[in-house]
**Student:** 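Pasting a structure below so you can have a look.
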Number of protein chains: 2
Amino acid sequence: MEVWKEFEQNEITHSIAHHLMAVDALLSRHGYCRVTDVARYLNITKGSASITLKHLKVRGYIEEDHNKFIHPSEKGKHTVRVVVAKRQIIIKFFSEVLRVEPEQAEIDACKIEHLVSSRTGKQLLYFVQFIMSGDGSARDFLNAFRAYQHTPGDAENCNLCEDECQFLEICETGEL
Amino acid sequence: MEVWKEFEQNEITHSIAHHLMAVDALLSRHGYCRVTDVARYLNITKGSASITLKHLKVRGYIEEDHNKFIHPSEKGKHTVRVVVAKRQIIIKFFSEVLRVEPEQAEIDACKIEHLVSSRTGKQLLYFVQFIMSGDGSARDFLNAFRAYQHTPGDAENCNLCEDECQFLEICETGEL
DNA sequence: AACCTTTGTTATATTAGCCAAACAGATGTT
DNA sequence: AACATCTGTTTGGCTAATATAACAAAGGTT
């Protein structure tokens with residue numbers, strides 16, 4: 001499979017992840033969850049929620065009781081745990097290490113949380129764990145990075161590209 | 001707008017990004033680019049390529065000459081530069097800093113490159129620039145992190161969660 | 001009991017992406 | 001000139017995810 005086609009092969013889509021997390025959040029919050037609750041929570045119509053949740057049921061992510069009350073299956077619970085873990089790790093990295101504004105960090109995390117592989121998620125967790133651990137070298141490094149951040153970037157001393165950094169200017173000219 | 005709905009609001013979808021990058025790559029490689037070339041490059045049917053490229057044309061990302069030869073507009077060129085920059089930065093970070101296997105790093109980068117905001121991309125560039133700069137504190141930190149990576153993670157000393165790390169086990173139990 | 005509201009499903013439509021297959025036009029070969 | 005090939009578009013089908021709107025069933029109120 002070509003690399004670029006793996007995007008659509010994701011078992012967990014953005015929509016599915018958020019429907020599942022909604023069920024989980026509503027259960028924690030109110031102790032129960034129905035189709036209409038999910039629709040209201042996600043601010044979509046109940047018709048849409050009904051159809052998407054039917055898919056989730058068919059694929060074994062959620063189950064329904066005799067009164068149409070919804071709860072995640074074991075598989076669904078696992079999915080929620082994994083997605084939430086990735087989201088938290090990514091938010092932490094973006095906001096506290098990179099110092100991206102919390103709102104932006106949350107938006108970015110929300111867009112990519114379900115797409116980042118577990119391998120990468122795990123490595124990022126280790127990285128954030130260590131950098132936040134209070135280890136001396138981590139502290140020194142972070143301090144040095146904070147200072148570096150405030151000096152304008154230097155295209156000639158970038159080790160990303162061979163010679164000069166080709167991305168610095170692009171990255172500084174704003175949104176896509 | 002709710003955070004979770006921003007996903008679908010992305011002007012540049014995965015498909016659009018890759019069609020545009022294909023045009024760019026084919027132009028560099030052969031000096032010209034037609035619908036069929038894009039289709040072959042992306043391994044999709046020319047019918048699909050025809051329709052998607054029509055959208056790209058309507059939205060001003062590409063232009064056509066009298067002989068149906070395609071080239072990116074200024075807007076399209078800018079988009080390609082931005083997406084490629086983000087991809088390279090992400091790959092570098094995942095593979096060389098986190099030490100994720102290059103193939104996996106590429107897959108992950110490909111999935112998220114068009115979703116990461118320019119704000120976050122810029123901060124990540126600075127971060128990777130600095131960490132790879134040869135600065136002493138960066139070198140020490142990286143060495144310490146390499147050592148840490150090889151010791152099993154410790155749920156009690158994780159500063160991500162308040163008490164114990166709730167994600168360590170989840171991240172170590174494999175794919176979603 | 002009659003009425004109103006809530007709940008959930010279904011039907012229809014839209015957009016984005018893909019497919020396969022048919023078709024139209026240009027080019028090139030015999 | 002006839003045939004073959006290549007190029008690009010169009011048509012119809014599929015899935016995912018949304019929207020509206022109609023509808024049936026259950027529940028609660030007066």
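Here is how names work: the chains are called A, B, and so on, in the same order as the sequence lines, proteins then strands, and each is numbered from 1.
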**Student:** Can you tell me how far P of dA17(D) sits from CD of Glu8(A), to the nearest Å?
**Tutor:** 13 Å
**Student:** To the nearest Å, give me how far apart NE2 (His18(B)) and P (dG17(C)) are.
**Tutor:** 12 Å
**Student:** For nucleotides 13-16 of chain D, give me every protein contact, N/O to N/O, under 3.5 Å, one pair per line with atom names.
**Tutor:**
from	atom 1	to	atom 2	distance (Å)
dA16(D)	OP1	Arg59(A)	NH2	2.8

**Student:** Indicate whether any N or O donor in one side chain lies under 3.5 Å from an N or O acceptor in the other, for Ser73(A) and Glu63(A).
**Tutor:** no
**Student:** Please report, rounded to the nearest Å, how far the P atom of dT18(D) is from the CG atom of Leu56(A).
**Tutor:** 11 Å
**Student:** Can you give one letter per nucleotide of nucleotides 4-10 of chain C, 5' to 3': B if a protein heavy atom sits under 4.0 Å from the base, S if only from the sugar-phosphate, - if neither?
**Tutor:** ---BBBB
**Student:** Do Asp135(A) and Ser137(A) have side-chain N/O donor and acceptor atoms under 3.5 Å apart?
**Tutor:** yes
**Student:** Quick one about Tyr61(A) and Glu11(A) (side-chain donor to acceptor, distance below 3.5 Å, no hydrogens or angles considered), yes or no?
**Tutor:** yes
**Student:** Which is true for His19(B) with a 4.0 Å heavy-atom rule: it touches a base, it touches only sugar-phosphate, or it touches nothing?
**Tutor:** sugar-phosphate
**Student:** Okay, side chain of Lys5(B), backbone of Asn43(A): is any donor-acceptor separation there less than 3.5 Å?
**Tutor:** yes
**Student:** Evaluate the ring planes of Phe127(B) and Phe145(A), with Trp represented by its six-membered ring, and classify them as parallel (under 30°), tilted (30 to 60°) or perpendicular (over 60°).
**Tutor:** perpendicular
**Student:** Starting at atom CG of Leu42(A), determine the distance to atom P of dT18(D), rounded to an integer number of angstrom.
**Tutor:** 8 Å
**Student:** Which pairs would a plain distance check flag for residues 51-60 of chain A, meaning a side-chain donor or acceptor within less than 3.5 Å of a matching protein atom at least two apart in sequence or in another chain?
**Tutor:**
from	atom 1	to	atom 2	distance (Å)
Thr52(A)	OG1	Ser48(A)	O	3.1
Lys57(A)	NZ	Glu64(A)	OE2	2.9

**Student:** Are a donor atom and an acceptor atom from the side chains of Glu113(B) and Gln88(B) found within less than 3.5 Å of each other?
**Tutor:** no
**Student:** Starting from P on dA17(D), measure out to CD1 on Ile44(A) and report it in whole angstrom.
**Tutor:** 11 Å
**Student:** Would you kindly give the CG-to-P distance between Asn10(B) and dA16(C), to the nearest whole Å?
**Tutor:** 14 Å
**Student:** With ring centroids as reference points, do Phe93(B) and Phe93(A) lie under 6.0 angstrom apart?
**Tutor:** yes
**Student:** For Gln9(B) and dA16(C), what is the distance between atoms CD and P respectively, to the nearest whole Å?
**Tutor:** 12 Å
**Student:** Looking at Phe130(A) versus Phe141(B), is the centre-to-centre ring distance below 6.0 Å?
**Tutor:** yes
**Student:** Nearest-Å distance, NE2 (His14(B)) to C1' (dC18(C))?
**Tutor:** 13 Å
